[in-house]
Amino acid sequence: MVALISPWFGSLLPGLFLPTASLPPFSLLTVSLPTVFLPAVSMPASALPSVHLALDLGAVLLLALGLKGLSKVRTARSANGLAAVAIAVAVAGLLLEQGVAGWPWMLLGLLAGGGLGALVAYRVPMTSMPEVVALFNGCGGMASLLVALGAAALPAGLDLLGQLSVLASVLVGGVTFSGSLVAMAKLQEWLATPPWMLRPQRHAVNIGLVLVALAAGAALPLGLLTPAPALVVITVASLLLGIGLTLPIGGADMPVVISLLNSYSGVAAAAAGFVVGSQLLVVAGAMVGAAGLILTQVMCTGMNRSLTSVLFGGALGAAAAPVGEGGSGEDPATAASRPVPPRSAPWPWRPPSGWCSCRATAWR
Amino acid sequence: MNGPLSEALWVLLLGSLLGFELIGKVPPTLHTPLMSGANAISGITLLAALALIGQAASLACACWAPWPWASLCSTWWEVSS
């Protein structure tokens with residue numbers, strides 16, 4: 001029973017929040033192309049292993065080209081469509097190989113997710129794009145989390161590799177999910193950092209949560225715990241860790257944090273690839289993870305702050321803050337995390353990031 | 001040691017290198033679209049979910065129905081009879 005329900009969530013959530021790039025046609029393409037291939041699945045699955053492999057390789061090639069094209073202004077638009085086509089090809093390859101057993105669930109998830117994703121992408125104004133990216137990122141993390149839990153819930157047990165990959169996927173997916181939701185709430189100014197979150201003890205609490213998660217994960221293959229309580233402990237610990245890592249960070253630093261969480265969600269996708277044994281997922285997740293890390297570093301140098309001061313500084317380790325705003329009663333972490341102009345910058349200085357219309361970099 | 005684990009580790013390493021190399025100088029105007037596009041590509045977790053649905057569906061009985069209440073009814077029927 002559980003095995004039937006959890007894959008439904010696993011498909012519903014990534015389908016529910018198919019992250020859409022800044023061009024709307026992406027999600028529509030990804031939803032429509034696989035459904036075109038559905039009638040073709042009357043072919044016996046075992047006759048087409050080479051087709052699946054060819055489609056997977058083609059998908060990776062197209063993904064790599066698309067990711068490269070996204071870093072150049074001239075080719076960015078077409079690269080977006082290329083990445084969409086690549087994912088559609090990969091989905092078609094998977095469905096051709098394993099058949100469409102359970103297709104009502106798949107269809108429901110894809111339509112609900114693709115529809116919601118397209119709706120949000122069309123309706124949201126560009127100034128709220130960071131929040132939307134954070135939301136979709138969180139749901140990508142939740143998808144990896146649910147895939148790992150669903151794989152653990154299958155009646156066939158997991159071997160050592162499976163257990164370790166489930167642990168990794170749950171951990172990274174949980175941190176990404178809760179961290180991204182906190183990031184979105186901070187950018188929307190629904191949440192401010194509570195003062196008790198800024199004390200240095202939070203580092204000890206975060207490290208403690210990591211240790212608890214790792215201990216529960218180690219207890220699983222050693223047989224000290226049954227899978228269900230161990231997975232519950234790891235899930236809860238990773239969700240709390242995500243909140244604990246992201247809550248102390250100020251609103252102006254959030255774009256950098258979202259980029260880092262973006263990279264984490266790529267790593268979570270790679271971990272999900274380990275869980276189901278798909279090398280395409282491992283490659284794509286590794287590419288996104290590495291690219292996100294580079295982008296995070298680029299954004300940090302643009303803001304003239306180092307990554308460690310962004311992640312762990314909060315209000316304590318910030319660079320020389322601009323004119324003291326002690327009486328303004330605003331979030332202390334946001335005050336400390338404004339981008340600092342370099343010494344030689346002309347006045348008025350604007351932070352050279354791409355978030356020029358983002359509310360989080362408001363100057364007072 | 002040429003099992004699936006070592007293959008997957010090779011793939012992970014080379015994929016990370018590919019990701020590092022693909023992203024060169026990114027102009028600031030492309031920070032948001034690149035992040036959004038990378039976010040979209042990480043939606044490839046969809047494939048893992050589809051694979052999982054396929055595994056779960058093939059494990060269940062031949063009369064597996066997509067609706068939770070239908071499978072609930074069938075399990076209740078088997079349990080009660």
Side-chain angles (χ1 to χ4, degrees), chain A residues 1 3-4 7 10-11 14 18-22 26 63-64 67-68 70-71 73 76 80 83 87 90 94 98 101-102 104-106 129 133 136-137 140 143-144 147 150-151 161 259 262 265-266 269 272 274 276 278-279 281-284 286-288 290-292 294-295 298-299 352-354, chain B residues 3-62 64-68 70-72 74-75:
Chain A
M1 189 58 209
L4 290 177
S11 149
L18 264 180
T20 54
S22 35
F26 172 73
L63 272 183
L67 199 57
K68 180 168 183 60
L70 270 173
S71 62
V73 176
N80 196 26
I87 297 201
L94 182 75
Q98 73 167 20
W105 297 90
M106 294 183 186
M129 201 47 70
V133 170
F136 285 170
N137 193 32
S144 303
V147 161
L161 171 63
S259 181
N262 203 13
S265 78
F274 272 99
V276 292
S278 163
Q279 286 175 340
L281 253 87
V282 175
V283 172
M287 279 198 311
V288 167
I294 299 275
L295 186 61
V298 167
M299 289 169 78
S353 71
Chain B
L5 173 61
S6 64
E7 274 181 23
L9 286 178
W10 275 110
V11 166
L12 187 68
L13 176 69
L14 292 177
S16 307
L17 282 175
L18 185 64
F20 278 129
E21 289 303 315
L22 281 178
I23 305 294
K25 284 199 181 307
V26 185
T29 47
L30 278 183
H31 282 176
T32 314
L34 181 59
M35 192 152 65
S36 193
N39 201 18
I41 295 177
S42 74
I44 205 165
T45 316
L46 171 71
L47 284 181
L50 290 178
L52 208 56
I53 287 189
Q55 284 181 28
S58 60
L59 284 176
C61 66
W64 179 76
W67 306 108
S71 45
L72 266 175
S74 60
T75 20

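In what follows, chains carry the letters A, B, and so on, assigned in the order in which the sequence lines appear, proteins first and then strands, with residues in each chain numbered from 1.
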Original post:
Between B:N39 and A:S265, is any pair of side-chain heavy atoms under 4.5 Å apart?
Top reply: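 B:N39 reaches A:S265 side chain to side chain.
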Subject >> Portion of A:L161 that has a non-hydrogen atom of chain B nearer than 4.5 angstrom >> reply: side chain
Subject >> chain B contact via A:S144 - which portion, at a heavy-atom distance below 4.5 Å >> reply: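 Both parts, backbone and side chain.
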Roughly how far, to the nearest 0.5 Å, is [atom2] of [Y] from [atom1] of [X]?
X     : Y      : atom1 : atom2 : result
B:E21 : A:I294 : CD    : CD1   : 8.0 Å
B:L30 : A:L70  : CG    : CG    : 7.5 Å
B:I44 : A:I87  : CD1   : CD1   : 5.0 Å
B:Q55 : A:Q98  : CD    : CD    : 7.5 Å

**OP:** Let me see the working for B:L22 and A:S71 under side chain to side chain contact (heavy atoms under 4.5 Å, CB included), right down to the final yes or no.
**Re:** CA-CA 8 Å; B:L22 281 178; A:S71 62; over 6 Å; no
Can you see which heavy atom on [X] is nearest to which on [Y], and at what distance?
X      : Y      : answer
A:G140 : B:T45  : O-OG1, 4.4 Å
A:V147 : B:A48  : CG1-CB, 3.9 Å
B:M35  : A:N262 : O-ND2, 2.9 Å
A:A290 : B:S16  : CB-O, 3.2 Å

**OP:** Specify which of B:L18, B:L14, B:L17, B:L34 makes the most heavy-atom pairs with chain A at under 4.5 Å.
**Re:** B:L34
Subject >> Top of A:V283, A:L295, A:V276 for chain B proximity - count of heavy-atom pairs under 4.5 angstrom >> reply: A:L295
Subject >> Side chain A:Q279, main chain B:E7, donor-acceptor under 3.5 Å >> reply: no
